[in-house]
Amino acid sequence: GAGVSQSPRYKVAKRGQDVALRCDPISGHVSLFWYQQALGQGPEFLTYFQNEAQLDKSGLPSDRFFAERPEGSVSTLKIQRTQQEDSAVYLCASSLGSKSYGYTFGSGTRLTVV
Amino acid sequence: QKEVEQDPGPLSVPEGAIVSLNCTYSNSAFQYFMWYRQYSRKGPELLMYTYSSGNKEDGRFTAQVDKSSKYISLFIRDSQPSDSATYLCAMTRNSGNTPLVFGKGTRLSVIA
């Protein structure tokens, strides 16, 4: 596609519910990042994939957060047993090469936990 | 103290004004500096990218990096209402796919 596509755009989850957020990167982009952006804050790094390999997951806040990219294209961020502090916009970014400035961000999924 | 500090504003200026946005940082290992623009309910989009110290100009936008002071700036000349957005500074240690560290963003409104 022309850009990074994320779905759903909005998700409301009851506390304790599991959610799955999807990212479709730009075709051919090998690098994929997930960031979390709380209200009024800048994005914070969660995890990084190069193709299907998860090379860095140091930003995942707890073991309730899990990400995968099994075929090196679409990625899913899963949050188990959601808590109110998980409410944020989850941004996906992809990059063709290895330069840190070459990311294209999606519009994000806004997760609200009630 | 966060690694990257940025005044969240909001900042309101009249159309045509020169806008100055800035960030300070504490990690001397940062070498690559970026400015992103984020419209409401959209993802960040890259505006400017600078390596190490110096200036870079692109149209109405100028980015400056002063590594000795750990201070970076973005200047917008002849500001337009369409420049109204949140501006995020970001930085990283190297050009490989290391995570970006963002400031919290400055919300700018340009009034016609």
Side-chain angles (χ1 to χ4, degrees), chain A residues 2-10 21 23-26 29-51 53-60 69 88-110 112, chain B residues 2-11 21-25 27 29-52 56 58 63 65 72 74 85-108:
Chain A
V4 177
S5 178
Q6 292 189 246
S7 60
R9 285 299 313 276
Y10 304 93
L21 313 179
C23 173
D24 280 89
I26 293 173
H29 278 197
V30 300
S31 298
L32 186 146
F33 287 79
W34 284 97
Y35 285 81
Q36 179 191 59
Q37 187 173 22
L39 187 65
Q41 303 296 316
E44 293 198 355
F45 168 75
L46 293 176
T47 187
Y48 162 59
F49 290 86
Q50 188 169 78
N51 295 307
Q54 188 174 22
L55 299 186
D56 188 347
K57 56 182 180 179
S58 62
L60 296 176
R69 194 186 184 196
V89 175
Y90 290 85
L91 294 164
C92 176
S94 70
S95 169
L96 178 63
S98 60
K99 298 301 183 185
S100 58
Y101 56 86
Y103 301 166
T104 300
F105 279 88
S107 292
T109 294
R110 183 178 296 273
T112 303
Chain B
K2 300 198 80 169
E3 278 189 293
V4 179
E5 298 282 355
Q6 184 176 11
D7 186 338
L11 181 62
L21 305 167
N22 44 70
C23 291
T24 59
Y25 63 95
N27 189 342
F30 288 142
Q31 300 274 4
Y32 295 82
F33 304 91
M34 285 138 275
W35 285 95
Y36 283 82
R37 178 174 62 195
Q38 186 173 27
Y39 291 114
S40 181
R41 310 223 182 255
K42 296 290 187 183
E45 59 175 321
L46 182 66
L47 276 179
M48 300 286 286
Y49 164 81
T50 310
Y51 168 66
S52 195
K56 187 171 186 178
D58 184 2
V65 175
I72 70 171
L74 177 71
T86 296
Y87 290 80
L88 297 152
C89 63
M91 47 200 79
T92 187
R93 295 188 309 275
N94 61 55
S95 65
N97 278 310
T98 51
L100 299 178
V101 181
F102 284 86
K104 63 169 52 180
T106 299
R107 188 169 177 179
L108 171 68

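Order of the sequence lines fixes the chain letters, A, B, ..., with proteins taken first and strands second; residue numbering starts at 1 for each chain.
With a threshold of 4.5 angstrom between heavy atoms, B:Q38 approaches chain A through side-chain atoms but not through N, CA, C or O. Only the side chain of A:Y10 has a heavy atom closer than 4.5 Å to any heavy atom of chain B. In this structure, no portion of A:Q6 lies under 4.5 Å from any heavy atom of chain B.
Between A:Y35 and A:F105, the ring planes lie tilted relative to each other; the angle falls in the 30° to 60° range. Ring geometry, B:Y32 versus B:Y49: the interplanar angle falls under 30°, so the pair is classed parallel (tilted spans 30 to 60°).
For the pair A:E44 and B:K2, the salt-bridge criterion is met [side-chain N within less than 4.0 Å of a carboxylate O].
For the set B:P44, B:G103, B:G43, B:C89, the count of heavy-atom pairs under 4.5 angstrom toward chain A peaks at B:P44. Put simply, of A:P43, A:A93, A:G108, A:S58, the one with the most heavy-atom pairs under 4.5 Å next to chain B is A:P43.
B:Q6 pairs in a side chain to side chain contact (heavy atoms under 4.5 Å, CB included) with only one of the listed residues (B:T24, B:N22, B:T106), which is B:T106.
Aromatic rings of B:Y51 and B:F33 (six-membered ring for Trp) have centroids beyond the 6.0 Å cut-off, not under it.
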